[in-house]
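Single-structure report; data block below.
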Amino acid sequence: MERTKAILVDITKCIGCRSCEQACKEVHGFPAASEPKLSPTNLTVIEEHKDKFVRKMCNHCEEPACASACLVGALKKTALGPVTYDGSKCIGCRYCLVACPFSVPRYEWTKLMPFVKKCDMCSARQEKGQPPACVEACPTGASTVGWRDEILEEAERRILGGGYVKHIYGSEEAGGTSVFFISDVPFEDLGFAAPPKQAMPMLTANALGDVPTVVLVGGSLLSGLYWITQRREAVARAEGNVAFPRKHFNDNDNKNDSERS
């Protein structure tokens with residue numbers, strides 16, 4: 001089996017300096033202003049819970065539900081470990097937002113040609129042998145990167161040393177992830193989701209097993225055709241062929257995404 005990379009976040013070592021946030025923003029060319037939650041311009045964030053600084057980002061599931069839900073393969077798990085997104089394939093269905101058990105992907109609601117945004121674990125940097133920007137910027141070693149099996153061994157070694165909750169978050173959640181967390185405070189007290197241990201695509205497959213193929217394929221085609229039409233109109237507006245923008249989605253969609261944020 002091919003080895004993959006993983007990140008270990010040790011919550012006991014995080015001092016809340018937000019160097020990881022700023023490094024992520026810099027490498028992606030996002031505005032430097034700090035943001036309190038994950039957003040299309042804030043792909044990793046430091047939240048405060050129980051006097052602890054807790055980093056949130058994409059967990060890069062071993063069997064990502066977002067990729068399983070994507071109709072066109074815009075999201076995929078790479079051989080090295082990161083779950084990446086290809087905007088050129090995206091049809092804007094937003095199924096990935098619903099499928100993610102950790103509520104990570106964000107949508108560019110305010111843009112004329114919106115896309116999904118999420119951490120890609122600096123996939124391009126890792127392919128060059130460089131660490132993710134957030135890990136490189138961490139001054140305390142609260143975030144480290146390495147081969148997944150070795151990162152898990154390191155997490156287990158620290159836990160056995162005492163002072164930690166006896167669980168590695170991400171080792172079982174949603175079938176396992178490529179981002180692990182260890183903490184001296186129960187994860188449920190730090191705002192962590194509690195998804196099933198079974199991989200989410202497995203649950204999805206079971207749930208959809210009895211749905212007629214014609215319904216799924218037909219719905220997918222209609223959704224794709226609708227979004228392609230919207231994209232073409234958006235391009236025309238961007239080129240100045242249409243005088244004013246038109247909403248693609250209703251206010252309830254915006255409200256629901258805002259509440260998830």
Side-chain angles (χ1 to χ4, degrees), residues 1-21 23-24 38 44-65 77-83 100-104 119-123 125-126 129-203:
M1 182 177 179
E2 195 166 0
R3 300 176 84 192
T4 59
K5 290 294 186 74
I7 291 175
L8 172 62
V9 179
D10 188 335
I11 293 172
T12 68
K13 294 187 176 185
C14 183
I15 59 175
C17 68
R18 304 186 187 277
S19 295
C20 54
E21 288 185 13
C24 180
L38 291 176
T44 188
V45 65
I46 298 295
E47 298 179 356
E48 292 188 46
H49 297 271
K50 301 288 185 180
D51 297 321
K52 292 289 183 179
F53 297 107
V54 182
R55 189 148 88 92
K56 298 295 177 68
M57 58 187 288
C58 175
N59 289 351
H60 299 277
C61 300
E62 289 293 277
E63 297 182 53
K77 178 80 169 179
T78 64
L80 199 57
V83 177
C100 177
F102 303 104
S103 300
V104 166
C119 159
D120 65 357
M121 208 196 290
C122 286
S123 177
R125 286 174 58 92
Q126 291 208 63
Q130 300 173 319
C134 59
V135 173
E136 186 176 62
C138 183
T140 63
S143 294
T144 54
V145 66
W147 295 112
R148 189 175 187 273
D149 55 341
E150 294 176 359
I151 284 291
L152 269 173
E153 290 175 3
E154 173 61 18
E156 291 171 355
R157 184 189 67 77
R158 295 188 194 184
I159 286 177
L160 290 175
Y164 290 88
V165 172
K166 303 300 182 183
H167 178 61
I168 303 169
Y169 188 90
S171 61
E172 299 177 335
E173 284 74 13
T177 69
S178 293
V179 177
F180 303 111
F181 297 83
I182 53 177
S183 170
D184 56 350
V185 175
F187 292 105
E188 57 268 26
D189 294 339
L190 299 177
F192 281 81
K197 293 182 179 180
Q198 189 175 8
M200 302 304 287
M202 295 285 292
L203 298 177

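- You'll find the side chain of R158 reaches within 4.5 Å of the side chain of L8, heavy atoms only.
- With rounding to the nearest 0.5 Å, the separation of CG in D10 from CD in E154 is 9.0 Å.
- Shown here are the side chain to side chain donor-acceptor pair (under 3.5 Å) partners of E48, two or more places apart in sequence or in another chain: there are none.
- Without hydrogens or angle criteria, S171 side chain to I168 main chain gives a donor-acceptor distance under 3.5 Å.
- The side chain to side chain contact (heavy atoms under 4.5 Å, CB included) test applied to A142 returns K13, C14, C138, T140, not counting sequence neighbours.
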Show me the donor-acceptor pairs within less than 3.5 Å that the side chains of residues 178-188 make with the rest of the protein, sequence neighbours left out.
residue	atom	partner	partner atom	Å
S178	OG	H60	O	3.3
S178	OG	E62	OE2	3.0
S178	OG	K77	NZ	2.9
S183	OG	V185	N	2.9
S183	OG	V185	O	2.8
D184	OD1	K52	NZ	3.2
D184	OD2	K52	NZ	2.9

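- Judged by distance alone, the side chain of K5 and the main-chain N or O of M121 form no donor-acceptor pair under 3.5 Å.
- Side-chain contact check for S143 versus C20: every heavy-atom pair is 4.5 Å or farther apart.
- Annotation: side chain to side chain contact (heavy atoms under 4.5 Å, CB included) contacts of P131 (sequence neighbours excluded): R125, E136, V145.
- In this structure, the side chain of E173 engages the main chain of G170 through a donor-acceptor pair within 3.5 Å.
- E153 meets the side chain to side chain donor-acceptor pair (under 3.5 Å) test with no other residue; sequence neighbours excluded.
- No side-chain heavy atom of V83 sits under 4.5 Å from any side-chain heavy atom of C61.
- Side-chain atoms of Y169 and N59 form no donor-acceptor pair, as typed in the model, at a separation below 3.5 Å.
- With sequence neighbours left out, the salt bridge (charged side-chain N to carboxylate O under 4.0 Å, His left out) criterion links E172 to K197.
- Atom NZ of K166 is separated from atom CG of L160 by 6.0 Å, given to the nearest 0.5 angstrom.
- With contacts defined as side-chain heavy-atom distances shorter than 4.5 Å, the pair H49/D189 does not qualify.
- Checked by atom type and distance alone, the side chain of R55 never pairs as donor or acceptor with a backbone atom of T44 at under 3.5 Å.
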- request: Determine, stepwise, if the pair E21 / V45 fulfils side chain to side chain contact (heavy atoms under 4.5 Å, CB included).
  value: CA-CA 6 Å; E21 288 185 13; V45 65; 3.6 Å; yes
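- Note: D120 CG to C58 SG = 9.0 Å, rounded to the nearest 0.5 Å.
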